[in-house]
Protein chains: 2
Amino acid sequence: MIHQRECPVETLIHVLGGKWKPMILWHLIESKKRFNDLEKLIPDVSQKMLSQHLRDLEREGIVDRTVYPAIPPKVEYSLSEYGRTLIPVAEVMCVWGENHNKRKYEEPAS
Amino acid sequence: MIHQRECPVETLIHVLGGKWKPMILWHLIESKKRFNDLEKLIPDVSQKMLSQHLRDLEREGIVDRTVYPAIPPKVEYSLSEYGRTLIPVAEVMCVWGENHNKRKYEEPAS
DNA sequence: TCATCCCCTTACTTTTTAGTAAGTGCATTA
DNA sequence: TAATGCACTTACTAAAAAGTAAGGGGATGA
């Protein structure tokens with residue numbers, strides 16, 4: 001039975017690969033956030049992209065969305081239990097990325 | 001001194017994020033390959049994308065390109081020493097990605 | 001009464017990425 | 001003489017991702 005639609009590395013890249021997704025997750029690691037909070041924390045993101053990426057992450061099970069029936073609306077986004085399994089992966093990626101940036105921008109002559 | 005142009009997770013995604021890059025690297029882990037070999041190993045890639053991705057990876061220092069002055073031309077691509085530092089990162093990504101694919105395609109009811 | 005707050009969605013445009021098809025150069029092979 | 005092999009590049013088209021701007025709905029505060 002073949003269920004694997006793509007290379008697993010690509011799968012992860014697809015999950016994390018939106019322009020703002022790493023930033024969104026970064027902020028959600030710290031604590032749950034409201035839509036408005038994320039807008040302020042990620043100054044250049046548009047509402048459209050923020051909601052699109054949040055929906056993507058929700059669909060993948062990474063992010064939980066909690067709606068409080070109130071007016072004005074209140075919605076909270078948080079990293080799901082499953083989403084937390086991404087943290088160590090992101091850390092490894094981060095270390096490599098940091099080193100790569102250093103290599104590119106700090107030691108161009110090496 | 002601020003040299004960091006982007007979030008390091010994005011940096012890595014950018015390096016690995018072309019449609020065929022993970023596949024290219026996967027094949028180069030095993031052994032060096034010629035352009036032609038890669039074309040055969042990755043059946044759906046076009047020559048244009050293959051050479052573009054190889055040039056990207058070369059520019060980032062991941063892949064070494066060796067030209068043998070012969071006719072017909074002979075060019076070999078291999079993972080650089082530096083490129084090998086990506087292997088453990090890719091492994092971690094792979095494990096998460098495999099699990100995610102399983103979750104999506106094998107246990108949709110959970 | 002009007003603006004404000006919150007959490008979005010929709011329509012449209014621009015930018016980025018990928019795909020398609022054809023062409024290049026030179027030696028060897030048929 | 002013509003086709004083949006290798007490693008590409010170029011011009012053009014299509015598809016995907018992102019950006020921009022505007023709207024909506026209903027309570028609350030000025």
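Order of the sequence lines fixes the chain letters, A, B, ..., with proteins taken first and strands second; residue numbering starts at 1 for each chain.
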Checklist entry - Just by protein heavy atoms under 4.0 Å, how would nucleotides 25-30 of chain D read 5' to 3' in B, S and -? => result BSS---
Checklist entry - Tell me: CD of B/Glu76 to P of D/dA7, nearest whole Å? => result 9 Å
Checklist entry - Taking C-beta and beyond as the side chain, do A/Leu86 and A/Leu16 meet within less than 4.5 Å on heavy atoms? => result yes
Checklist outcome for this item: Once base and sugar-phosphate atoms are separated, protein heavy atoms under 4.0 Å mark nucleotides 13-23 of chain C, 5' to 3', with B, S and - as -----BBB-B-
Next on the checklist: Does either side chain, that of A/Arg84 or that of A/Ser80, offer a donor lying less than 3.5 Å from an acceptor on the other one?
Outcome noted: no
Item to check | Side chain to side chain, B/Lys74 and B/Val67, heavy atoms closer than 4.5 Å | outcome: no
Checklist entry - Should the pair B/Tyr77 and B/Phe35 be assigned to parallel (<30°), tilted (30 to 60°) or perpendicular (>60°) ring geometry? => result tilted
Next on the checklist: Rounded to whole Å, please give me the gap between CD1 in A/Ile24 and C1' in C/dC7.
Outcome noted: 14 Å
Checklist entry - Which part of the nucleic acid does A/Tyr77 contact within heavy-atom distance under 4.0 Å: base, sugar-phosphate only, or nothing? => result sugar-phosphate
Checklist entry - Starting at CG of A/Leu16 and ending at C1' of D/dA17, how long is that distance when rounded to a whole Å? => result 16 Å
Next on the checklist: Run the salt bridge (charged side-chain N to carboxylate O under 4.0 Å, His left out) test on A/Lys104 and B/Glu60 for me, step by step, so that the C-alpha distance in whole Å, both residues' side-chain angles and the decisive distance to 0.1 Å come before the verdict.
Outcome noted: CA-CA 8 Å; A/Lys104 276 180 86 169; B/Glu60 302 291 344; 3.4 Å; yes
Checklist entry - Could you give the CG-to-C1' distance, from A/Leu54 to C/dT9, as a whole number of Å? => result 14 Å
Item to check | Atom-pair distance (CD1 on A/Ile42; C1' on C/dC7), nearest Å | outcome: 15 Å
Checklist entry - Are B/Arg34 and D/dC6 close enough that a side-chain N or O sits under 4.0 Å from OP1 or OP2? => result no
Checklist entry - Are any of the side-chain heavy atoms of B/Ile62 and B/Tyr82 separated by less than 4.5 Å? => result yes
Next on the checklist: How many whole angstroms separate atom CG of B/Asn36 from atom C1' of D/dT4?
Outcome noted: 12 Å
Item to check | Heavy-atom check, side chain of A/Leu25 versus side chain of A/Val63, under 4.5 Å | outcome: yes
Checklist entry - So, is B/Ser51 close to the D/dT9 phosphate, meaning a side-chain N or O under 4.0 Å from OP1 or OP2? => result yes
Next on the checklist: Could you tell me how far apart B/Tyr68 (OH) and D/dA7 (P) are, to the nearest whole angstrom?
Outcome noted: 12 Å
Next on the checklist: Just the rounded figure in Å: distance from P of D/dG5 to CD of B/Glu39.
Outcome noted: 12 Å
Item to check | Separation of A/Asp64 CG from A/Leu79 CG (nearest 0.5 Å) | outcome: 8.5 Å
Next on the checklist: Is any side-chain heavy atom of A/Pro8 closer than 4.5 Å to one of B/Met93?
Outcome noted: no
Item to check | side-chain N/O A/Arg55 vs C/dT9 OP1/OP2, d < 4.0 Å | outcome: yes
